[in-house]
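Right, one structure below, let's go through it.
Protein chains get the first letters and strands the later ones, always in sequence-line order, with residue 1 at the start of each.
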Number of protein chains: 2
Amino acid sequence: MTKKTTIKDIADKLEVSPSSVSRALTNEPGVSDDLRERVFDAASRLNYIPNSSAKSLKTSRSKTVGLIVSDIRNPFFLDFMSGVERVLFPREYKFIVCNTGEDRKKEEIYIKWLIGQGVEGILSSPYQDGSNENNALLYRRAMKNNIPVVFYDRLLKEIKVIDSVTLDNRQAIMNGVMYLRECGHERIGICLHRRGIYTIEERYAGFLKACEILRIEVIEDWIIDDATDPVEASKRLKMILGRAHRPTALISTNQYINELLLRVARELKLSVPGELSLMGFDDLSLNDLVDPPITTIRQPVSDMGKIAATLLMGRIDGDSVDRSTVVLKAELLKRESVSVLSGP
Amino acid sequence: MTKKTTIKDIADKLEVSPSSVSRALTNEPGVSDDLRERVFDAASRLNYIPNSSAKSLKTSRSKTVGLIVSDIRNPFFLDFMSGVERVLFPREYKFIVCNTGEDRKKEEIYIKWLIGQGVEGILSSPYQDGSNENNALLYRRAMKNNIPVVFYDRLLKEIKVIDSVTLDNRQAIMNGVMYLRECGHERIGICLHRRGIYTIEERYAGFLKACEILRIEVIEDWIIDDATDPVEASKRLKMILGRAHRPTALISTNQYINELLLRVARELKLSVPGELSLMGFDDLSLNDLVDPPITTIRQPVSDMGKIAATLLMGRIDGDSVDRSTVVLKAELLKRESVSVLSGP
DNA sequence: TTGTAAGCGTTATCAA
DNA sequence: TTGATAACGCTTACAA
């Protein structure tokens, strides 16, 4: 095991002072070209790698941001992260991924750790459960400590000072319901992933609103309000679909549910869309290779990532514009899992 | 903007020395229960968050590891990361995700940055292109600096001292080819994602080996050796499949290719598996909802993550056992995209 | 049990 | 243009 090279090693080797080496390395003015060159040369020969702990301790700038994700297994984050990375990397910012797994405590641990790490900003999809428990306090504290936060995908309603990028979830579902209505569907159910989560609540609200406008009767029983346990959710779904009076169309609220719905339909040997229409949420490229290709509400996820990262970079650069709340539009990909009903 | 609370603030408030506060906070012995309690109390009232830069500068332990991934958009990493996270989080280790996007230069930048960050270990799926360019030197340097490295998914052949977890890629493809042979297929093509990549080369070698053993003729023309550009690859595939003498079965080497193959078959209106059999690689849960459900070679990805992380933790704890090279077995999920050919 | 002081690797201020 | 020195926030001998 060799010791790591430090500025001091370079200084000793060149018989100059550490401060000159530092100046040379950071491209500060006030170093002769000759010395600068010799420093760079020695640095590369000695395999010098700057110690970011020391650097960030001294300058309190770490070129690092935190990315808090609610569930890393959700394909959503693949696209989101790649959007984020595309804006961060060219600016030499790195990001630390923190997976909270929808656990408030974990989120808390991570926020504190990120602040302690000296990140210059935080991108977060915050957690909030049915009982309104959340980490608003911690996000406020980060802001107070001059660490800008940008929320993406989800909001914390009580915080009115944090930039955000979200989807127009209500409108997205409303468009979906309207499309179903156009296709003749009046018996519509919805499968919510989990109550309390911002996006899910918004999507649910959009559903209710659309039903109201279109005078579609909302059947309590056709609303699955928790699909975190797929086995339980399947059971309920099967019960609902097993009855004579059953929905002709089901709306999903994320990619997990898309699959769940499809599987249940298969198990029940219900033909899709013949006997049951399905509308998905979140598009995976496989969704149109599925049997049948699923009509899906698609979010511009990668754009969301780029915008969130861009907002954050702006704040780090000291933009003092008003709070930005970007709301993106969803797109309805009409494929074949929704049937056109002829008569009533 | 408020200033962050430091140990010194707590010390001042309590009128004790910073060292006592430090001892209390880190649960070191030699502090009275009374003082410890008061310290914790003050820390929480002052919203104290330890500064990890200072801590890691001093102790050179950061409780952080680096995770280098070759392409963050590959669903593989979802499962892999969640496996990693499951072993790291309980041990209070965090991980920094570095996406190299199959770019040697980016990988280099990240490795250096990780070392500079003071990570205690690195999990990496290293890049190596056709011309054998890679960052072996840097990984060696990390090891020399006492930063253990564990390779997963891919290896660098010239490095014989680094722990690894990989799939038995050759056997995986060999089993696939054997299965095709059992089903009566003798005209088999393969679509490689990109030459030079360790896993792809291994899978290709497995293919050749199986063909040799089973006396299957290898038709050069039926080997797509670069599918990084899907448009180009589609064209070639269409040419091959458009001819009278064409393969009856095609093997894929990752999830991207699975989709590509399926799409091409659709465009050509070739029925699968009637006119063309398809064997996928890497399983996505959607693969069995696709039309037709795809027979797929599945890797135990999440296990790979757990094992890689466990090996790394072991090294960090100072295990000085010999190099571990864990090789995992793939599983062949027989679904419906492979037909059984009756006669010749 | 508590305090003092040095030092981790940098950068920034000031003086030479 | 260069060098000495202090400081960032923390830990850790060692002394009290």
Please evaluate residues Lys13(B) and Asp9(B) with respect to the criterion salt bridge (Lys or Arg N to Asp or Glu O under 4.0 Å), reporting the C-alpha separation (whole Å), side-chain torsions for both, the decisive distance (0.1 Å), and the verdict. CA-CA 6 Å; Lys13(B) 176 118 184 173; Asp9(B) 298 326; over 6 Å; no

Under 4.0 Å between any heavy atoms, over every strand shown, what does Ser60(B) touch: base, sugar-phosphate, or nothing? Just pick one. nothing

Test item: Lys55(A) and Leu57(A) side chains (from C-beta on) under 4.5 Å apart, heavy atoms: no

Rounded off to whole Å, could you give me the NZ-to-C1' distance for the Lys63(A) and dT10(C) pair? 17 Å

Plane angle bin for Phe80(B) and Phe76(B) - parallel if under 30°, tilted between 30 and 60°, otherwise perpendicular: parallel

Here's one to test your reading of the geometry: is the NZ or CZ of Lys106(A) within 45 degrees of the ring axis of Phe89(B) and under 6.0 Å from its centre? yes

For a side chain to side chain contact (heavy atoms under 4.5 Å, CB included) check, start with the C-alpha distance between Arg194(B) and Glu102(B), then their side-chain angles and the critical distance, and finish with the verdict. CA-CA 10 Å; Arg194(B) 181 181 191 159; Glu102(B) 308 287 13; 3.5 Å; yes

Leu25(B) has an atom CG; how far is it from atom C1' of dT12(D), in whole Å? 15 Å

Separation of Arg38(B) atom CZ from dT1(C) atom C1', in whole Å? 12 Å

At under 4.0 Å, does any side-chain N or O of Ser32(B) touch on OP1 or OP2 of dT1(C)? no

Protein N or O to nucleotides 5-9 of chain D N or O, pairs below 3.5 Å:
from	atom 1	to	atom 2	distance (Å)
dA7(D)	N3	Lys58(A)	NZ	2.8
dG9(D)	N2	Ala54(B)	O	3.3

What is the separation between atom CG on Asp33(A) and atom P on dT2(D), rounded to the nearest whole Å? 10 Å

Rounded interatomic separation in angstrom, taking CZ from Arg23(A) and P from dA15(C): 15 Å

Within this structure, what is the CD-to-C1' distance between Gln117(B) and dT10(C), rounded to whole angstrom? 14 Å

Let me know the distance between CZ of Arg61(B) and P of dC8(C), rounded to the nearest Å. 17 Å

Check this one for me: any side-chain N or O of Ser17(B) less than 4.0 Å away from OP1 or OP2 of dT2(C)? no

When you match Lys8(A) and Glu15(B) each to their closest nucleotide on DNA chain C, which lands nearer the 5' end? Glu15(B)

Can you tell whether the side chains of Asp79(A) and Arg73(B) come within less than 4.0 Å, N to carboxylate O? no

For the pair Asp129(B) and Arg104(B), find out whether any cationic side-chain nitrogen is under 4.0 Å from an anionic carboxylate oxygen. no

